[in-house]
Colleague: 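Below you will find the structure I want to go over with you.
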Amino acid sequence: MSRFGKAKANNVDSLAGFRAQKKDTVISHGVLNAARKSGQLNLSSRGLSEVPQNVYRLNIDPPEDAHQNVSFDASDRWWEQTDLTKLLLSSNQLTHLSDDIRLLAGLNILDLHDNQLSSLPSALGELQELHQLRLSHNQLTSLPEELCTLKNLRSLTIQQNLLESLPEQVGHLENLSELDLSRNHLKGLPSSLGCLIGLQKLNLCHNKLTCLPDSLRQLKNVKMLDCSNNQLTHIPASLSEMVALEQLYLRHNKLCLLPRLSAPTLKELYVGNNQIEQLETEQLECLTAISILELRDNKLKTIPEQITSLSTLTRLDLTNNDITTLLASLSLLPNLKVLLLEGNPLRGIRRDLLTEDNAAIIQSLSSQDWNTTLFNTIVEKQADQIPNELFDAAAGEDVTTANFSKNQMTSIPSRLVEFHASLSDINLGFNRLTCCSPDICKLLNLKHIDLRNNQLDELPPEMKNLTKLCSIILNYNRFRFFPEVLYHIVTLETVLLGNNQVSAVDPNRLMKLDHLSTLDLSNNDLLNIPPELGLCTNLRCLILDGNPFRTPRAAILAKGTDAVLEYLRSRITT
């Protein structure tokens, strides 16, 4: 059936889009014809104040040159071309959307983010094939009830608007897997939110919520819940019934107690910047799978012994509390790699350790390990080489940590290779290293390397053999390029490269680092940030401040990593 016959059969108003026409920007025939072939149309960043009528009517009207191309031998048979399925209108100046949007009934993806929309037409509810709807960074104060009839919608992002409430019918979006309502003015949530049983990611941060509906317990598939920067005073215990929950963000609220959650899959709990004064044994006992526990900027005075039962804990952040003493048994936590303690009035632990590597802090709590009794004795001694007597004394021991920071060394001690079977953490920061010896690449069990504040400008290619390396700190060196070898170390989780002279990064190669979650490129010479960097969705912390690029603007950088990545993705041309 021809496009005209199809329109007639579906009772489409063939005059829609022509009534009360205004003179407006016209999209070229070449762009529209390309969209007819591909089913995709990208009109982002074109300064549009309204959507041109020939866009709304793309599925109905034949191209203007159709009379020149009616041969069966022609490669561009317009009557066989596809309906529009993807329409990108982000970063324009749209103040309204016409009811004629209903004419694009085949849309799967509609991107309207970063405009000036204050309302949406009810006709949006007729786009029943819609899978993704992006509405972030507008001026929406409410959502039409008709939007809640989009049964096939998978992703709805409405962050950075002016919403004060949601329609009760939002629970009808039964296939929704991602819902982002962050940075609005929401004071409450409808109980129907619990009906979104397919939801996997729910972002409610930066609102005005004082409580969470009990119905959230029904969200059995949610893996990430972000309620940071609200006004919550307590978290309902019923959240324990969210049996798939892995990450829970509760930063910057008014919590006085750690939530008692027995969610068996909870791996990351962030409750920094609250008013928690004590940890109860019962609360800690519930955290059977916890890996990251952030308790920074609270009012904790003591840490209960029960915390040592958290055998899966890898990162514990206690920064800026009122803790005076630490449990020596913390050193017995088998997987603890990061322990942050700065800003506490601690007694019985050297103040300089609080700014040292985490292994030094943890091992200082233990009384008999070579990690501290041997190698930490050389810290800050201004030595230009490490005495052989020190290596001789450690012969045969399972040394896991070597800390030679704050000295005057110009080369890496060659005898470190003697501990290749056990050494996992090495700190050579604050020295005068001008090159990184390939010998370090023989330490195949290394997981953490600290080379900050040296004079390095490259890394040896043999470093790709460090197949267990998780983090590398290279701040304050002389790198002009992102070190080539780092693109080959797929185990990397943290790369700190701030305060160098890096002028470019390759986002396509960074995307292959599946575990990379923290990337610091601050204070370098980056003149532009490639939009494809926004596709590195594993990044939880991306630091770009202090570079000479013009975009993203400082206001976007200030909104955090998620906002920066979203902005970069919006700049990708299709």
Colleague: Determine, stepwise, if the pair E280 / R260 fulfils salt bridge (Lys or Arg N to Asp or Glu O under 4.0 Å).
Modeller: CA-CA 9 Å; E280 297 179 358; R260 187 175 299 181; 3.3 Å; yes
Colleague: Do N273 side-chain atoms and H252 backbone N/O form a donor-acceptor pair below 3.5 Å?
Modeller: no
Colleague: Decide yes or no for L510 and Y487: does some side-chain heavy atom of the first lie under 4.5 Å from some side-chain heavy atom of the second?
Modeller: yes
Colleague: Backbone N or O of T157 within a donor-acceptor pair of the S136 side chain at under 3.5 Å?
Modeller: no
Colleague: Heavy atoms, side chains only, cut-off 4.5 Å: are N221 and L199 in contact?
Modeller: no
Colleague: Without swapping roles, check the side chain of N207 against the backbone of L181 for a donor-acceptor pair under 3.5 Å.
Modeller: yes
Colleague: D297 vs N320, test: side chain to side chain donor-acceptor pair (under 3.5 Å). Steps then yes/no.
Modeller: CA-CA 5 Å; D297 293 281; N320 295 334; 3.2 Å; yes
Colleague: Could you walk me through whether L313 and N335 pass the side chain to side chain contact (heavy atoms under 4.5 Å, CB included) check?
Modeller: CA-CA 6 Å; L313 193 63; N335 293 299; over 6 Å; no
Colleague: Near L444 CG, under 6.0 Å, is it more than 12 heavy atoms from other residues, nucleotides or ligands?
Modeller: yes
Colleague: N138 versus L162: any side-chain heavy-atom pair under 4.5 Å?
Modeller: no
Colleague: If every non-hydrogen atom of N538 is compared with every non-hydrogen atom of D514, which pair is closest and at what distance?
Modeller: ND2-O, 2.6 Å
Colleague: Roughly how far, to the nearest 0.5 Å, is the CG atom of L497 from the CG atom of L486?
Modeller: 7.5 Å
Colleague: Are V505 and I529 packed together at the side-chain level, in the sense that at least one heavy-atom pair is separated by less than 4.5 angstrom?
Modeller: no
Colleague: Can you tell me if N500 uses its side chain to pair, donor with acceptor, with the backbone of N523 under 3.5 Å?
Modeller: no
Colleague: Determine, for K299 against D322, whether the closest basic-nitrogen to carboxylate-oxygen distance falls under 4.0 angstrom.
Modeller: no
Colleague: Run the salt-bridge test on E294 and R251 with the 4.0 Å N-O cut-off and return the result as yes or no.
Modeller: yes
Colleague: With a cut-off of 6.0 Å (strictly less than), are more than 12 heavy atoms of other residues, nucleotides or ligands near NZ of K187?
Modeller: no
Colleague: Sequence neighbours left out, what passes salt bridge (charged side-chain N to carboxylate O under 4.0 Å, His left out) with E418? Give chain and number order.
Modeller: R415
Colleague: Do T141 and L163 come close enough that some side-chain heavy atom pair is under 4.5 Å?
Modeller: no
Colleague: Tell me, do I473 and I449 make a side-chain contact under 4.5 Å, heavy atoms counted?
Modeller: no
Colleague: Any luck finding a side-chain donor-acceptor pair between S471 and E493 under 3.5 Å?
Modeller: no
Colleague: For Q218 and E241, run side chain to side chain donor-acceptor pair (under 3.5 Å): C-alpha distance rounded to whole Å, both residues' side-chain angles, the deciding distance at 0.1 Å, then the answer.
Modeller: CA-CA 7 Å; Q218 299 166 227; E241 298 180 33; over 6 Å; no
Colleague: Determine the minimum heavy-atom distance between P483 and L459, stating which atoms define it.
Modeller: CB-CD1, 3.8 Å
Colleague: At what distance, to the nearest 0.5 angstrom, does NZ of K559 lie from CD1 of I556?
Modeller: 6.0 Å
Colleague: Show the numbers, then the answer: is there a side chain to side chain contact (heavy atoms under 4.5 Å, CB included) between S570 and H113?
Modeller: CA-CA 9 Å; S570 75; H113 87 265; 3.0 Å; yes
Colleague: Any non-hydrogen side-chain atom of L202 less than 4.5 Å from a side-chain atom of L204?
Modeller: yes
Colleague: Between C256 and I276, does a side chain to side chain contact (heavy atoms under 4.5 Å, CB included) hold up when you go through it step by step?
Modeller: CA-CA 4 Å; C256 294; I276 299 173; 5.9 Å; no
Colleague: Answer with yes or no whether the side chains of S291 and T314 bring together a donor and an acceptor at under 3.5 Å.
Modeller: yes
Colleague: Kindly give the heavy-atom pair with the smallest separation between P334 and S311, and that separation in Å.
Modeller: CG-O, 3.6 Å
Colleague: K442: which residues meet the salt bridge (charged side-chain N to carboxylate O under 4.0 Å, His left out) condition with it, sequence neighbours left out?
Modeller: D439
Colleague: Without swapping roles, check the side chain of N184 against the backbone of L186 for a donor-acceptor pair under 3.5 Å.
Modeller: no
Colleague: Quick one, I235 with L212, criterion side chain to side chain contact (heavy atoms under 4.5 Å, CB included). Give me CA distance, side-chain angles, the key distance, then yes/no.
Modeller: CA-CA 7 Å; I235 303 299; L212 298 176; 4.2 Å; yes
Colleague: State, to 0.1 Å, how close V243 and K220 come at their nearest heavy-atom pair, and which atoms those are.
Modeller: CG2-O, 3.8 Å
Colleague: Closest heavy-atom contact between E168 and S191?
Modeller: OE2-OG, 3.5 Å
Colleague: Considering all heavy atoms of both residues, which atom of L446 and which atom of D425 are nearest to each other, and what is their separation?
Modeller: CD2-N, 3.8 Å
Colleague: Give, for atom CG of L245 and atom CG of L216, the distance between the pair rounded to the nearest 0.5 Å.
Modeller: 10.5 Å
Colleague: For the residue pair T281 and Q306, confirm or rule out a side-chain donor-acceptor distance under 3.5 Å.
Modeller: no
Colleague: Which residue is it: D180, N203, L248? I am looking for the one with a side-chain contact (heavy atoms from CB on, under 4.5 Å) to D226.
Modeller: N203
Colleague: May I ask you to decide if N321's main-chain N or O and N344's side chain share a donor-acceptor pair within less than 3.5 Å?
Modeller: yes
Colleague: Between the main-chain N or O of L140 and the side-chain N or O of N161, is there a donor-acceptor pair closer than 3.5 Å?
Modeller: yes
Colleague: Is there side-chain contact between L443 and F419, with heavy atoms separated by less than 4.5 Å?
Modeller: no
Colleague: Counting N and O atoms only, with roles assigned by atom type, does the side chain of N465 sit under 3.5 Å from a partner on the main chain of M463, one being a donor and the other an acceptor?
Modeller: no
Colleague: Distance check, rounded to the nearest 0.5 Å: K337 atom NZ versus I292 atom CD1?
Modeller: 12.5 Å
Colleague: Answer yes or no: is there a donor N or O on one side and an acceptor on the other, between the side chain of N230 and the main chain of K208, under 3.5 Å?
Modeller: yes
Colleague: With side-chain contact (heavy atoms from CB on, under 4.5 Å) as the test, pick out the partner of L423 among N445, L416, T400.
Modeller: L416
Colleague: With sequence neighbours excluded, tell me which residues meet ring-ring contact (aromatic ring centres under 6.0 Å, His included) with Y476.
Modeller: none
Colleague: Can any side-chain N or O of N253 pair as donor or acceptor with the backbone N or O of L232 at less than 3.5 Å?
Modeller: yes
Colleague: Does CD in E145 sit with more than 12 non-hydrogen atoms of other residues, nucleotides or ligands closer than 6.0 Å?
Modeller: no
Colleague: Would you compute the distance between atom CD1 of I303 and atom CG of L295 and round it to the nearest 0.5 angstrom?
Modeller: 6.5 Å
Colleague: Look up atom CG in L316 and atom CZ in R296, then write down how far apart they are to the nearest 0.5 Å.
Modeller: 12.0 Å
